[in-house]
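Note sheet for the following structure.
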There are 2 protein chains.
Amino acid sequence: MNVPRPAPASRPAPVPRLSLNRWSVRTTPVDEVLAACVGGGVGGIGLWRQDVETTGLAELRHRVDDAGLQVTSLCRGGFFTAADPADRRAALEDNRRAIDEAVGLGTDVLVLVVGGLSHEDKDLAAARDRVAENIAQLAPHAEQAGVRLAIEPMHPIFTADRGVVSTTAQALDIAEQVGSDAVGAIVDTYHVWWDPDLAASIARAGASGRLLGYQVCDWILPLAAETLNSRGYMGDGFIDFPAITRMIAETGYTGPIEVEIFHEDVWATPVADAVRTIRERFEQLVLPSA
Amino acid sequence: MNVPRPAPASRPAPVPRLSLNRWSVRTTPVDEVLAACVGGGVGGIGLWRQDVETTGLAELRHRVDDAGLQVTSLCRGGFFTAADPADRRAALEDNRRAIDEAVGLGTDVLVLVVGGLSHEDKDLAAARDRVAENIAQLAPHAEQAGVRLAIEPMHPIFTADRGVVSTTAQALDIAEQVGSDAVGAIVDTYHVWWDPDLAASIARAGASGRLLGYQVCDWILPLAAETLNSRGYMGDGFIDFPAITRMIAETGYTGPIEVEIFHEDVWATPVADAVRTIRERFEQLVLPSA
């Protein structure tokens, strides 16, 4: 990771650990997002490949460095479940590019959304096996690049169409099966808060050096019509942030904590206001236990 | 369970194992549902307490017996997560009535939907503990009545508002903690199909004599706006029914298999047509592996 440059005197001190995932303010141009972070006391940013495509890798890195921000992760690689060999080769090629983009942005964490099923192929066990096989194919490139592949277990609401890895334990099983130190798991409260084995799995991730990140947002009800965009500000839903944050802290994790909210209401909010709410909720519900 | 009476000659032979959960055709009056089962080759029915309330226990039993149907379960007891002592007492009292109603209907399976969280109390571990404590309170009455309490692990989409028991393993942990043979788990494909430990957990349920039922319906996309009513006919979604049914069969389970679909489109279908589709899909996707 790059070291943030000294901030100008007028800039508020960044809140420790806090990183803004760029998708939380998806509809705001990236320059305004960087400025909102600087003005709002946010020291880290989780970027998405869409900004690399739009702005260009070198230019994006330049702007982030100029803002004095740390890139805490790149989203996203993955989509490893296709059975067709040509599709698998294309996915691996695209993931190698994603690893290189992470290097270019100065982050060592690439988040993997592993992919779902299709109506034509409902064999969940086989899809999960392909995820492990493809990550094994990718691991040497990641090791060489100094980038770690953060498997993101996804809430079972997304098993069918987005992510067949459903628990932190399953992500760790894959990482151990692959046998590379470059592979681990990222814990996103939205996806895993319900897991009866969460405390044990987070401890296991920490003990094995495979806890690669921590992301927070709340489970709110009613769900949005597009369930992917049904994530809320911490405190607006049902997740016990102090409890889960303590599990993370007990592993000795001292890395960044990304706030990653997807919701139309948040995207319709002026960016400075959204960042203020995110910061306040983070300081109330997450940071004291971190 | 009561023994079905001999069917009249004109009646089609019932499809082996097939039971219709009454909520699959929720909007149809119960007499028409019973007639549709008789005419459609369905030998079993899973009832809900709403029909007991509307029709009266003795009268409902009389009608089901007259139709020559077997009651395969009663839905539902549960809602054990309230922290307030008065609420807990009321829940236990209501569950004792539910056990008695199961006896009155001639079924030995009461399905438990264990209850969710509230915005005021987000302590998931404590809510889960209360579920176990309340089931332990209830178990003696169930034992005495000869009724088994089938904990229904619920899809994590419902953890917040409906069911804090999320996996079959967790249901079995509670059953073993309670230590009563009257407590076990029911496996509903909709709720558990995504579980990486499903095969092992079903085997464990079978080996410990705690596999109390098997219910089927599909996970379809997009989800309905009311996610509770987003269940589809087998074959319309992403669940691999032969694979899960084989897991059930391998335990030696030979009991009824209930089709339990909640969906506005199914409720808007004439009952005979819905029963025909259910029967066809059951014969195609479930029965061959059962």
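Since the model is a prediction, treat every value here as computed from it, not as a measurement. Residue numbers start from 1 in every chain, and the chains themselves are labelled A, B, ... in the order their sequence lines are given, proteins ahead of strands.
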Non-hydrogen atoms of chain B under 4.5 Å away: do they reach the side chain of A:H119, the backbone, both or neither?
both
Atom CG of B:L223 and atom CG of A:L223: how far apart are they, to the nearest 0.5 Å?
8.0 Å
Most chain A-contacting option - heavy-atom pairs closer than 4.5 Å, from B:L117, B:V165, B:T227, B:T167:
B:L117
Main-chain N/O of B:G237 paired with A:K122 side-chain donor or acceptor, under 3.5 Å
yes
Non-hydrogen atoms of chain B under 4.5 Å away: do they reach the side chain of A:D195, the backbone, both or neither?
backbone
B:F238 and A:L124: side-chain contact (heavy atoms from CB on, under 4.5 Å), yes or no, with the steps?
CA-CA 9 Å; B:F238 292 88; A:L124 185 52; over 6 Å; no
Under 4.5 Å from any heavy atom of chain B, what part of A:D173 do you find: side chain, backbone, both or neither?
neither
Quick one: sort the B:W194 and A:W194 rings into parallel, tilted or perpendicular, breaks at 30° and 60°.
perpendicular
Toward chain B, the part of A:I157 with a non-hydrogen atom under 4.5 Å
both
Value for NE2 (A:H155) from OG1 (B:T159), rounded to nearest 0.5 Å, stands at 5.5 Å
Sequence neighbours excluded, the answer for ring pair (Phe, Tyr, Trp, His ring centres under 6.0 Å) partners of B:Y190 is B:W219
Side chain, backbone, both or neither: which part of B:P196 has a non-hydrogen atom closer than 4.5 Å to chain A?
both
Report the distance from atom CG of B:D123 to atom CG of A:D240, rounding to the nearest 0.5 Å.
6.0 Å
Just give me the residue among A:G116, A:S118, A:A169 that pairs up with chain B most often, heavy atom to heavy atom, under 4.5 Å.
A:S118
For B:A225, which atoms come within 4.5 Å of any heavy atom of chain A: side chain, backbone, both, or neither?
neither
Nearest-0.5 Å distance that lies between atom CG in A:L221 and atom CG in B:D161
5.0 Å
